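Computation of the quantities below employed the complete heavy-atom set of this structure, encompassing side-chain atoms and omitting hydrogens, waters and symmetry-equivalent molecules. Here the structure is a predicted model, which is why all the values come from computation and not from measurement.
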Amino acid sequence: MSVQAHNTAPTGLGKSLEPYGQLIRMLLPRAISIDIFDAQGHECWSSSDVESADLQPLVQRARAAQAGCEEGLFAEIDEDTPVYLFRLCDEAGDLLAILAVTCHGDGLTARPWSFVHSLLRPALECLQRDLLAQESIGELSRSLETRDKDLDLLLAITADNAPDSDANGDDTDELRWIVQRSIDHLNCLFGALVIPEKGIAICRAARGVNPAQSAEVLTRTHRHLLTWARLQGKTLVVNKVAPAGGEALPYKILSCPVRQSSNRVVGFFALFRTEDMGDFDHRHTRIARLLSRKTASVLQANYDGATGLLTRGAFERHAQAGIARAGGHEHCVLYIDIDQMHLINENFGMPVGDEVIARVADLARRTPVSRAVAARISGDRFALLLPDCDLEDAAGVARRLCDSVRAAPEAQPDGENPEVSVSIGVANLSGSRSRLAHALAAAEVACKAAKDRGRDRVEVYQAADVSIIRRHTDINVAAQLRDALRANQFRLDLQPILPLQGGSNKDPHFEVLLRMIGSDGGSIAPEKFLSAAARYQLMPAIDRWVVEHALGTLAENRGLLRQHSACFTINIAGPSIAQPDFLDYVQSQIRASGLPADLFCFELTETAAVANMGRAEAFMQQLRNFGCTFALDDFGTGFSSLAYLKALPVTLLKIDGSFVRDVILDSRSQSMVRAIAQLAKTMCMETVAEYVETDEIRRRVAALGVDYGQGFCLGRPQPIVDVLRDLPVFEAFSRSPQRDPSSEAQMVAAMAAG
């Protein structure tokens with residue numbers, strides 16, 4: 001017999017229940033009708049078209065039964081119509097539904113409820129599981145509906161929908177918009193975003209609320225909220241405010257820390273409700289955390305993580321907006337470059353160099369000019385916009401900044417302090433928005449002139465001043481270089497390039513580094529003389545000197561080199577490749593040394609290789625056929641074209657140090673390093689990360705897939721004879737499956753033992 005069923009309530013519970021009616025009819029043939037009620041007592045499915053109003057008193061009795069008591073009850077509507085009711089509950093004992101089965105009496109004694117229950121147990125258990133599943137689906141649907149609304153908020157707070165910061169010139173407009181949307185969506189009274197080190201303090205109120213009231217609340221709470229965020233580093237939820245002598249604010253508070261990419265707390269994002277509003281719950285907390293992360297991403301896109309200054313793009317927007325607001329007044333731009341930054345990094349290490357950059361950035365930020373805008377352009381270079389300021393006043397500001405940098409050395413634990421100075425170029429610009437880029441370029445030219453004239457000085461750009469683009473100081477350096485070449489006043493050092501993973505069976509590499517010996521007997525780093533060498537065409541002579549003396553020293557140790565595996569990298573400049581006889585010279589030197597050609601790897605910069613593409617390809621291919629290998633230096637900063645990379649017979653890519661040094665804090669640098677490593681593996685090349693100055697950087701670049709590392713963390717440059725003496729230790733260290741490349745103490749101890 002088929003069951004004619006109908007749904008009587010739009011609750012969704014009645015869907016797909018008809019099979020259970022069929023099953024119950026099979027298990028209990030005496031059943032007249034089968035009815036299912038939801039937890040509220042509403043009929044949601046019945047096998048009969050007859051109204052079941054007579055069942056309502058029984059259903060209400062079943063609903064009123066306590067959890068854990070008898071699961072159902074038995075009653076008779078009349079003598080021949082027994083009714084059996086069953087409570088279906090979840091694991092916690094909460095009522096899901098009530099099943100009512102009406103049967104024929106047939107003039108016989110009604111069967112006990114327990115007997116009927118035993119007959120229907122399989123169907124009841126299946127129905128109970130189905131109801132639990134439907135309840136879970138319902139909860140999920142409700143949760144998704146709420147999340148859809150939350151997602152609408154998060155999608156709305158994007159760069160496409162937020163106020164146009166390019167038009168308004170202020171990225172804080174986007175932050176204000178985020179705070180306002182958060183207040184509206186979460187039904188709050190006030191909202192606030194405070195980032196002290198970036199000068200951001202945004203306070204917004206709900207529509208119709210006096211903004212002065214919100215400012216007063218923020219004034220009274222911001223110190224406490226900031227202290228909590230910095231000390232606890234977690235979300236604060238205050239739903240009950242107990243007055244204490246009238247001092248406590250009658251507001252519920254939800255405050256989330258705002259973090260930099262390095263996970264350092266820089267501020268807080270807070271929402272406020274009055275006591276008569278609802279409590280902040282888990283959903284509100286989750287959304288507030290997501291919004292604080294969105295705020296952090298806006299800050300990361302507009303502010304430099306290491307210094308807190310604006311990025312170049314944000315600087316241009318702020319500067320153009322300031323110029324537009326000021327109208328036709330005169331403004332000036334300062335271009336600031338830290339002097340001899342490479343020398344500071346080489347002599348004192350990258351951490352000290354980072355401290356120097358941060359200190360100069362802080363001094364630039366504190367320039368005592370109203371509405372000044374400071375930015376970190378790149379690396380150790382900064383820009384400063386001085387609104388409503390003429391050239392004379394701007395030059396005075398620049399000179400005072402030079403004095404402040406020079407007078408504020410950073411004390412080091414060992415008592416040695418780097419001598420820090422800056423060169424500054426000054427240029428003016430009109431009220432035209434299109435002139436900003438030109439003014440910044442002019443200030444950069446003036447800054448370079450300041451470096452040419454001795455550093456630690458200020459130069460004002462003058463278009464008619466021819467000397468602004470001349471490099472007079474290179475003349476004296478060039479003369480010293482010629483004397484050094486004639487008198488062999490150079491020294492060769494080796495810096496290890498070691499595998500980043502233990503047990504890799506990779507040979508240690510060593511880069512040959514040139515040092516010029518000064519009049520006092522001390523070494524002069526290449527940064528001091530390479531510019532003059534390139535300007536006055538002395539690089540080929542220097543390269544020949546390096547090849548001759550490096551191969552000569554290695555030849556004196558050929559017995560040791562035959563017993564141990566190693567590779568020595570020698571730098572070659574672009575002008576040397578352009579000389580027709582340089583290839584023959586290199587090959588003759590290798591033959592004269594009696595050393596195998598595969599012992600040598602010649603290193604070219606990416607820019608030099610591409611600038612002499614034809615000659616570079618021929619030069620490299622012939623030496624490759626001869627047995628040598630090649631490395632491409634500073635990869636990622638030049639043209640980085642796959643076409644020429646495929647054409648050049650390169651086996652080693654050296655990732656430029658500007659990406660490696662920022663790999664901890666800068667997600668873009670991480671992406672670049674990972675992409676280069678993956679590209680190299682695809683093209684059967686190996687990679688070297690330069691400037692691996694800390695163990696944290698070493699671990700990160702190793703995790704990103706880089707093969708070798710070079711930097712203070714792995715070994716400092718040492719005289720070539722000293723490194724050759726310890727070559728067995730370097731080989732064992734490179735091949736050891738268990739080692740800690742961050743520990744120089746381990747390396748030194750091994751050398752002492754050897």
Chemist: Evaluate the criterion ring pair (Phe, Tyr, Trp, His ring centres under 6.0 Å) for residue pair W113 and F86; output intermediate values, then yes/no.
Modeler: CA-CA 9 Å; W113 178 89; F86 303 90; 5.3 Å; yes

Chemist: Show the nearest heavy-atom pair for residues W45 and G21, with the distance to one decimal.
Modeler: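 Residues W45 and G21, closest heavy atoms: CH2-CA, 3.8 Å.
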
Chemist: Quick check for you: to the nearest 0.5 Å, what is the distance between L193 atom CG and C256 atom SG?
Modeler: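 Rounded to the nearest 0.5 Å, the CG-SG separation comes out at 11.5 Å.
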
Chemist: Using 0.5 Å steps for rounding, measure from the OH atom of Y20 to the SG atom of C126.
Modeler: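 Between Y20 OH and C126 SG, I get 6.0 Å after rounding to 0.5 Å.
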
Chemist: Using only atom types and a distance under 3.5 Å, with no angle test, would you say the side chain of R376 pairs donor to acceptor with the backbone of I357?
Modeler: no

Chemist: After noting the C-alpha distance and the side-chain angles of D707 and K681, does the key distance pass the salt bridge (Lys or Arg N to Asp or Glu O under 4.0 Å) rule?
Modeler: CA-CA 10 Å; D707 301 300; K681 284 181 171 58; 3.7 Å; yes

Chemist: Between E275 and K240, does the side chain to side chain contact (heavy atoms under 4.5 Å, CB included) criterion hold? Intermediate values first, please.
Modeler: CA-CA 8 Å; E275 289 183 306; K240 293 184 180 180; over 6 Å; no

Chemist: Are any non-hydrogen side-chain atoms of V237 and T235 less than 4.5 angstrom apart?
Modeler: yes

Chemist: Counting N and O atoms only, with roles assigned by atom type, does the side chain of D279 sit under 3.5 Å from a partner on the main chain of D281, one being a donor and the other an acceptor?
Modeler: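 It does not hold such a pair.
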
Chemist: Looking only at heavy atoms, which two atoms of A689 and V660 are closest? And how far apart?
Modeler: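 Heavy-atom minimum between the residues: CB-CG2, 3.9 Å.
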
Chemist: Got a second to check how far F190's CZ is from I183's CD1, nearest 0.5 Å?
Modeler: 9.0 Å

Chemist: Between R700 and E696, does at least one N-O distance fall below 4.0 Å, as a salt bridge requires?
Modeler: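 Salt bridge between R700 and E696, a charged N being under 4.0 Å from a carboxylate O: no.
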
Chemist: Please answer whether the main-chain N or O of T307 pairs with a side-chain N or O of R365 as donor and acceptor at a distance below 3.5 Å.
Modeler: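 The answer is yes, because a donor-acceptor pair under 3.5 Å joins these two groups.
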
Chemist: Counting only N and O atoms by type, is there a donor-acceptor contact under 3.5 Å from the side chain of R366 to the main-chain atoms of A361?
Modeler: no

Chemist: Do I200 and Y303 make a side-chain contact, defined as non-hydrogen atoms from C-beta onward lying under 4.5 Å apart?
Modeler: yes

Chemist: Using a 4.5 Å cut-off on heavy atoms from C-beta on, say whether the side chain of I36 contacts that of I98.
Modeler: no

Chemist: For M26, what residues pass the side-chain contact (heavy atoms from CB on, under 4.5 Å) criterion, not counting sequence neighbours?
Modeler: none

Chemist: Rounded to the nearest 0.5 Å, what separates atom CZ in F659 from atom CD in Q670?
Modeler: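 The CD atom of Q670 is 13.0 Å from CZ of F659, to the nearest 0.5 Å.
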
Chemist: Looking at L95 and A39, what are the two nearest heavy atoms and their distance?
Modeler: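 Result for this residue pair: O-CB, 3.4 Å.
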
Chemist: With the threshold set at 4.0 Å, does a side-chain nitrogen-carboxylate oxygen contact exist between D184 and R181?
Modeler: no

Chemist: With side-chain hydrogen bond (donor to acceptor under 3.5 Å, both in side chains) as the test, would you mind laying out the steps for T311 and D304 before giving the verdict?
Modeler: CA-CA 6 Å; T311 60; D304 175 63; over 6 Å; no

Chemist: Treating D362 as the side-chain partner and A358 as the backbone partner, does any N or O pair qualify as donor plus acceptor under 3.5 Å?
Modeler: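 Such a contact is absent between D362 side chain and A358 backbone.
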
Chemist: Kindly indicate whether the side chain of L132, heavy atoms from C-beta on, has any atom under 4.5 Å from the side chain of L88.
Modeler: no

Chemist: Using a strict cut-off of less than 4.0 Å between a Lys/Arg side-chain nitrogen and an Asp/Glu carboxylate oxygen, indicate whether D354 and R661 qualify as a salt bridge.
Modeler: yes

Chemist: With sequence neighbours left out, write down each residue that passes side-chain contact (heavy atoms from CB on, under 4.5 Å) with L236, or none if nothing qualifies.
Modeler: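 So L236 forms a side-chain contact (heavy atoms from CB on, under 4.5 Å) with L225, W228, V238, S255.
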
Chemist: To check you understand the geometry: which heavy-atom pair defines the closest contact between S214 and P211, and what is its length?
Modeler: OG-O, 2.6 Å

Chemist: Distance from L58 atom CG to Q56 atom CD, nearest 0.5 Å?
Modeler: 9.5 Å

Chemist: Does the side chain of Q60 come under 3.5 Å of the side chain of R63 through a donor N or O and an acceptor N or O?
Modeler: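 Judged by distance alone, the side chains do pair up.
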
Chemist: May I ask you to test the T694-P351 pair for a side-chain heavy-atom distance under 4.5 Å?
Modeler: yes

Chemist: Mind checking what makes ring pair (Phe, Tyr, Trp, His ring centres under 6.0 Å) contact with F272, not counting sequence neighbours?
Modeler: none

Chemist: Could you tell me if the side chain of V59 sits less than 4.5 Å from the side chain of L85, heavy atoms only?
Modeler: yes

Chemist: For E216, give me all partners under side-chain contact (heavy atoms from CB on, under 4.5 Å), at least two apart in sequence or on another chain.
Modeler: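 side-chain contact (heavy atoms from CB on, under 4.5 Å) list for E216, sorted by chain: R220.
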
Chemist: Strictly distance-based, threshold 3.5 Å: is any side-chain N or O of S47 a donor or acceptor partner for the main-chain N or O of I34?
Modeler: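 It does hold such a pair.
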
Chemist: Does S182 reach the side chain of L271, with side-chain heavy atoms less than 4.5 Å apart?
Modeler: yes

Chemist: Would you say R286 and H282 make side-chain contact, with heavy atoms under 4.5 Å?
Modeler: yes

Chemist: Apply the test side chain to side chain contact (heavy atoms under 4.5 Å, CB included) to residues S292 and L290: give CA-CA distance (whole Å), side-chain angles for both, the deciding distance (0.1 Å), then the verdict.
Modeler: CA-CA 5 Å; S292 71; L290 292 173; over 6 Å; no

Chemist: Looking only at non-hydrogen atoms, find the nearest pair between A192 and V179 and report the distance.
Modeler: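 Result for this residue pair: N-CG1, 4.0 Å.
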
Chemist: From L23 CG over to L127 CG, what is the distance, rounded to the nearest 0.5 angstrom?
Modeler: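 Going from the CG atom of L23 to the CG atom of L127 covers 9.5 Å.
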
Chemist: Could you tell me whether a side-chain N or O of R273 sits under 3.5 Å from a main-chain N or O of L186, the two making a donor and an acceptor?
Modeler: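 Flag set: sc R273 to bb L186 pair under 3.5 Å.
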
Chemist: Tell me if a side-chain donor or acceptor on R230 pairs with a main-chain N or O of V266 at a distance below 3.5 Å.
Modeler: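 Side chain of R230 to backbone of V266, a donor-acceptor pair under 3.5 Å: no, none is there.
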
Chemist: Run the side chain to side chain contact (heavy atoms under 4.5 Å, CB included) check on V701 and I655 step by step: do they pass?
Modeler: CA-CA 10 Å; V701 295; I655 304 172; over 6 Å; no

Chemist: Apply side-chain hydrogen bond (donor to acceptor under 3.5 Å, both in side chains) to the pair S378 and R312, showing each step before the final yes or no.
Modeler: CA-CA 8 Å; S378 65; R312 179 161 189 156; over 6 Å; no

Chemist: Start with the C-alpha gap between I195 and L175, add the side-chain angles, then the distance that decides, and say whether side chain to side chain contact (heavy atoms under 4.5 Å, CB included) holds.
Modeler: CA-CA 11 Å; I195 314 291; L175 298 178; over 6 Å; no

Chemist: What closest approach, in Å, do Q213 and Y251 show between heavy atoms, and which atom pair accounts for it?
Modeler: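 Closest pair (atom of Q213, atom of Y251, distance): NE2-OH, 3.0 Å.
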
Chemist: Do the side chain of Q501 and the main chain of V706 share a donor and acceptor less than 3.5 angstrom apart?
Modeler: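 No: the side chain of Q501 does not pair with the backbone of V706.
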
Chemist: Would you please name every residue forming a salt bridge (Lys or Arg N to Asp or Glu O under 4.0 Å) with D90, sequence neighbours left out?
Modeler: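 Partners of D90 by the salt bridge (Lys or Arg N to Asp or Glu O under 4.0 Å) criterion come out as none, since no residue qualifies.
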
Chemist: Spell out, as yes or no, whether a donor-acceptor pair under 3.5 Å connects the side chain of R87 to the backbone of A97.
Modeler: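 Answer holds: no.
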
Chemist: Please name all residues satisfying side-chain contact (heavy atoms from CB on, under 4.5 Å) with H222, sequence neighbours left out, ordered by chain then number.
Modeler: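 For H222, the residues satisfying side-chain contact (heavy atoms from CB on, under 4.5 Å) (neighbours in sequence not counted) are L218, F268.
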
